[in-house]
Amino acid sequence: MPRNAESTAFRSALEVIRGVEPRVADAIGAELADQRESLKLIASENYASPATLLAMGNWLSDKYAEGTVGRRFYAGCQNVDTVEALAAEHARELFGAAHAYVQPHSGIDANLVAFWAILADRVESPALKKAQARHVNDLTEADWFALRRELGDQRMLGMSLDAGGHLTHGFRPNISGKMFDQRSYGTDPDTGLVDYDRVAEAAREFRPLVLVAGYSAYPRKINFRIMREIADSVGATFMVDMAHFAGLVAGKVFTGDFDPVPHAHIVTSTTHKSLRGPRGGLVLCGPELADQVDRGCPMVLGGPLPHVMAAKAVALAEARRPDFADYARQIVDNAQALAEGLLRCGAKLVTGGTDNHLVLIDVTGYGLTGRQAEQALLDSGIVTNRNAVPQDPNGAWYTSGIRIGTPALTTRGLGTAEMDTTAELIHAVLSQTSAGVGPDGTASKAKYVLDPALADKISRQASELLTGFPLYPAVELG
Ligand code: DSN
């Protein structure tokens with residue numbers, strides 16, 4: 001697309017929106033300005049391409065399309081069929097999967113689709129058979145009770161939250177924690193790494209129906225061949241949630257034992273993190289689970305979002321281009337440079353470094369909680385998020401960690417030299433922030449003291465670092 005076409009497209013869209021609700025147009029414009037000015041280091045965020053963003057704002061949004069390609073519960077879905085089939089084809093080709101389901105609206109949804117498919121495939125349940133055969137509205141209350149009884153004691157083994165696992169892998173705040181009896185595996189207390197012998201031991205003791213691998217805050221690779229062997233040894237279905245690192249799989253940075261697709265029975269992902277697509281999810285599997293996976297809507301999903309599937313098709317096509325592999329490699333080079341820079345400054349990192357897109361700083365080394373560190377960095381123009389560290393003494397709300405990731409800054413074009421500077425800026429903020437006191441004079445886990453002049457200085461330096469790397473350079477909103 002010519003550069004001025006991008007600018008015209010976004011300007012015109014905002015002009016039209018402004019004619020109806022100017023405050024929405026202003027918020028959209030302000031979001032671009034904010035994103036342009038800050039050092040975005042949230043490991044799960046990225047910047048989708050103009051083509052991906054534009055593919056979402058159109059008439060496909062208006063179409064209902066329950067069902068699957070060529071088999072819809074609504075008439076007139078031929079164009080939705082086109083975009084869904086394209087997105088699925090790109091996903092299959094990109095990841096080398098036999099089947100791709102691109103309807104999930106998010107990672108949580110993708111995981112629910114996968115969990116339901118596994119339960120339906122594995123559990124002998126008369127109530128479930130009834131649920132599959134009938135429209136859900138035809139099930140009686142007694143049917144639902146039977147369903148819960150028959151499915152309710154199935155077991156899931158996944159990574160613990162403080163080791164970097166995800167809420168949707170059987171933890172109580174998510175429905176998966178109600179669906180499954182969950183046990184988790186942690187990481188080695190000395191190295192912070194997954195200890196496969198301990199995972200195997202936990203699997204032997206617990207005999208899970210589902211073994212889950214995947215994380216949102218573990219800064220290392222996972223050997224999926226070994227995990228599959230563990231799953232096979234106890235008859236478990238092996239599921240990988242690659243939401244965070246899908247871009248590294250797509251870009252062939254994670255290959256062989258570290259590519260989940262050849263090893264897992266089923267793989268789920270989001271499309272908007274390192275994969276750099278629209279917000280959404282997808283599921284990959286072999287032919288044996290495909291039929292159950294395709295029942296995702298209406299079993300656990302609302303109607304598909306055709307405009308988002310169109311954007312998935314665009315982003316997945318982009319990820320199939322050779323330059324996406326360069327991008328994926330650079331994400332990891334940048335994360336490693338950032339980790340090395342932080343280590344040189346004396347920061348304490350969980351596992352001592354990274355081999356993926358993220359770094360987890362243990363900020364207790366600075367005498368701070370994650371919450372204090374997150375806010376102090378935000379004051380200084382550096383956007384991160386707090387995160388628990390293994391055996392976190394401050395719990396899941398205040399936490400003791402800061403998670404930083406490089407997919408977004410790498411999209412902007414920053415390289416390893418800029419990561420050195422970024423590490424120095426982060427260290428400058430954290431080393432000069434101190435814990436505050438609460439109203440009763442005791443140490444606070446939330447309050448902090450940071451000289452505003454220093455925060456301003458770092459903000460300016462962060463902004464200067466970004467000047468050579470404009471975000472959406474072709475887009476001028478005027
Ligand atoms: N919220 C995402 C993350 O930040 O990792 C995962 O759900």
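Every number for a ligand or one of its atoms is a count from 1 in the order of the listing. Heavy atoms only: backbone and side chains are in, while hydrogens, waters and symmetry mates are out.
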Close N/O pairs between ligand 1 and protein, under 3.5 Å:
from: ligand 1; atom 1: 4 (O); to: Ser44; atom 2: OG; distance (Å): 2.7
from: ligand 1; atom 1: 4 (O); to: Arg403; atom 2: NH2; distance (Å): 2.8
from: ligand 1; atom 1: 5 (O); to: His244; atom 2: NE2; distance (Å): 2.7
from: ligand 1; atom 1: 5 (O); to: Arg403; atom 2: NH1; distance (Å): 2.9
from: ligand 1; atom 1: 7 (O); to: His166; atom 2: NE2; distance (Å): 2.7

Can you tell me how far NZ of Lys221 sits from CZ of Phe258, rounded to the nearest 0.5 angstrom?
-> 4.5 Å
Given the side-chain rings of Phe115 and Phe180, with only the six-membered ring counted for Trp, is the space between their centroids under 6.0 Å?
-> yes
Between Phe245 and Tyr215, is the ring centre distance below 6.0 Å?
-> yes
Side-chain contact test, heavy atoms from C-beta onward, threshold under 4.5 Å: evaluate it for Val363 versus Thr399 and give yes or no.
-> no
Student check: side-chain heavy atoms of Leu301 and Gln103 closer than 4.5 Å = yes
Do the ring centers of Tyr366 and His427 come within less than 6.0 Å of each other?
-> yes
